[in-house]
Amino acid sequence: MPSSSHAQPPHIQRLVQKIQRDPGLPVENATTPFWLEPVVQHAHHQSPSLSQTADVVILGSGITGISTALHLSRIAPELKIVMLEARDLTSGATGRNGGHIKAVPWKDYGDIKQTLGRESAIKITRFRLAHLPALLSEAASLGESGKAGLVRQLETLIACYDRDVWTQDKKKLKEFLDDMPEEQGKWNVHEDPSDLKKLGLAENCVGCISGRAGAAWPYRFLGAVISNLLQKGAISLETHTPALSISKHQASSPYPYCVRTGRGSIQTKHVVHCTNGFVAHLIPGLRGKVCPLRGQMTVQSVPDDFPRYGAKHSWSAIWDRGFDYICQSPAADGSLYFGGGAFRSGLENDQEIGNVDDSRLSPQCLSHLETAAGKAFLGGEGARISKKWTGIMGFTMDGLPIVGRASRHVSMRDECRADQGGEWVAAGFNGYGMVHSWLSGKALAFLILGRDSEVRGWFPVEEFACSQGRLARMSATEFLGHFGGGVSPESHSPLSSKL
């Protein structure tokens, strides 16, 4: 796609401008997700007064921020950690998602391999797949409180309703399994019409790939984690306290950074940005590199005779343009947690890229989701939307998260020596936060403490770093090219040519 703005179609110019602008702070009066009712115990927690100093200030109380805080407290319990949240606890993307713990490792494996090499592709894939056992283990360690998070393993069905995409997906799967033989037998192809019917998929489904995945109620799970941290005095949680600015002291100081809020300022050694789609607000160098993207979620009631597979299956429905993601309640009601509908009207009419307003719904997405269950499932015509909300995701221009030290070229602020402190970032999870965020937070805890060698065996340190070279290669127009021409966001990876 041409890089000069005068050669770009008007709708591409409009979207590039949206990608490059400051996302600002989260809006007030956001739509209320199903997951956030009833509120957890510490949803509006604040200390009587804001701490004036801290070893670490974490911005954001989603899964990444809470994981970072938890692992820092385990590794170095003496640290004074303050967590700032602009709205309620876990009220951003983590509390608004589809409930999946799901990697689709073969979808972008070939793209990553082509650009970064086979070794990096395998490392990133293993990192993603490690999240399900890690989250299952963490939930189990919480005992009875962990059960409320409903973290569970199941089989996912990635159902395709377009023959050309299906042909491509089978080729992608083969390349992935050839390079990672330990995954053989864990991902299986189903394309016999009678088999697809037994799986409950609509007659227009041309094929399905099954594999292991998980599901969760992230808000409840993280509510239990944060409750334990507060009871132990491991952190201070300050909801409704957005960070307004960050500055670096010129003179030598034990606390080189100042984080200003509406309740006062905190002097700190480390600032950790875990704000995903909003990260470029306080890290100017990421404008045009990480952009917000609004997603639409629904809860849909189902007829009495609709199968109850919530304890067994989750689904993706891959269309000729875009994809949907579906979990089902494991309870008797069998409600579908059904999200998606993006890009159905093409980039020319897109209202979601660069959109940070989760106080409003997406009419374009909802017009698709109202009938999507009937197109995806046998007997799904009777599904009816009973709850709807939006959430803001963070997408990078190259399809991989950004995790690591935020140096001067990206923060636009002076740096201090590594032994004095620094700014850190973990953001841009491209709609797959539940298979990137938890272990990114764990890795970031080690990196902050200067223990890089302890994560290099399992974390993609170089691949996810916000290096100057990587940021320079990112292109908003190339990113947009992967959402045009019928390309599914489930296969989003601007790492190589458009599919």
Side-chain angles (χ1 to χ4, degrees), residues 1 100 102-129 155-197 199 201-213 313-326 340 342-344 375-376 395 398-400 430-432 435-436 460 463 478-499:
M1 184 173 296
H100 294 267
K102 176 176 176 176
V104 187
W106 41 271
K107 269 289 189 182
D108 64 351
Y109 175 83
D111 293 341
I112 299 173
K113 176 182 173 181
Q114 180 178 332
T115 302
L116 301 180
R118 181 176 181 270
E119 183 177 341
S120 289
I122 290 174
K123 189 171 190 176
I124 290 168
T125 301
R126 287 177 175 162
F127 169 73
R128 292 168 173 172
L129 293 172
E155 180 183 54
T156 191
L157 303 177
I158 300 150
C160 187
Y161 299 83
D162 181 87
R163 194 160 296 280
D164 290 339
V165 176
W166 176 240
T167 300
Q168 295 173 19
D169 280 355
K170 288 190 290 183
K171 292 178 180 178
K172 289 171 179 286
L173 179 65
K174 182 181 185 306
E175 179 182 11
F176 162 67
L177 294 177
D178 285 347
D179 278 6
M180 298 188 66
E182 68 269 27
E183 293 294 312
Q184 291 279 356
K186 299 177 182 178
W187 302 89
N188 299 293
V189 172
H190 311 268
E191 50 188 340
D192 185 279
S194 61
D195 290 340
L196 298 175
K197 184 176 181 180
L199 291 171
L201 301 173
E203 292 182 0
N204 57 324
C205 178
V206 297
C208 169
I209 295 173
S210 62
R212 70 189 184 282
H313 289 315
S314 69
W315 302 265
S316 293
I318 313 298
W319 312 104
D320 61 335
R321 186 189 292 270
F323 80 107
D324 301 331
Y325 38 96
I326 310 108
F343 309 103
R344 297 293 295 175
K375 299 173 183 176
F395 276 65
D398 67 2
L400 295 177
N430 298 286
Y432 284 85
V435 292
H436 284 123
E463 292 86 349
E478 289 184 15
F479 166 79
L480 293 170
H482 292 268
F483 293 112
V487 176
S488 162
E490 176 116 330
S491 62
H492 161 62
S493 179
L495 287 161
S496 71
S497 60
K498 184 166 64 176
L499 301 180

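Residue numbers start at 1 and run along the sequence shown.
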Enquirer: Evaluate E191 against W166 for side-chain hydrogen bond (donor to acceptor under 3.5 Å, both in side chains), listing each step before the verdict.
Expert: CA-CA 10 Å; E191 50 188 340; W166 176 240; 3.0 Å; yes

Enquirer: Around atom NZ of K174, are there more than 12 heavy atoms of other residues, nucleotides or ligands at under 6.0 Å?
Expert: no

Enquirer: So, using side chain to side chain donor-acceptor pair (under 3.5 Å) as the criterion, who are the partners of R126 when residues are at least two apart?
Expert: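 For R126 the side chain to side chain donor-acceptor pair (under 3.5 Å) partners, ignoring immediate neighbours, are E182.
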
Enquirer: Under a 3.5 Å distance rule, please check whether D162 uses its side chain to pair with a backbone N or O of D164 as donor and acceptor.
Expert: yes

Enquirer: By ring pair (Phe, Tyr, Trp, His ring centres under 6.0 Å), which residues pair with H190, not counting sequence neighbours?
Expert: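 Residues passing ring pair (Phe, Tyr, Trp, His ring centres under 6.0 Å) with H190: none at all.
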
Enquirer: Answer yes or no: is there a donor N or O on one side and an acceptor on the other, between the side chain of R212 and the main chain of K186, under 3.5 Å?
Expert: no

Enquirer: In terms of relative ring orientation, are Y109 and F176 parallel, tilted or perpendicular, with 30° and 60° separating the classes?
Expert: perpendicular

Enquirer: Which value, rounded to the nearest 0.5 Å, describes the distance between Y325 atom OH and K102 atom NZ?
Expert: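 If I round to the nearest 0.5 Å, the distance is 11.5 Å.
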
Enquirer: Quick one: salt bridge (charged side-chain N to carboxylate O under 4.0 Å, His left out) partners of K197, sequence neighbours excluded?
Expert: none

Enquirer: Which residues pass the salt bridge (charged side-chain N to carboxylate O under 4.0 Å, His left out) test with R163, not counting sequence neighbours?
Expert: none

Enquirer: Only counting residues at least two apart or in another chain, list the ones meeting side chain to side chain donor-acceptor pair (under 3.5 Å) with S120.
Expert: E463

Enquirer: Residues two or more places apart in sequence or in another chain: which of them pass ring pair (Phe, Tyr, Trp, His ring centres under 6.0 Å) with Y161?
Expert: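 In terms of ring pair (Phe, Tyr, Trp, His ring centres under 6.0 Å), with neighbours along the sequence ignored, Y161 is linked to W319.
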
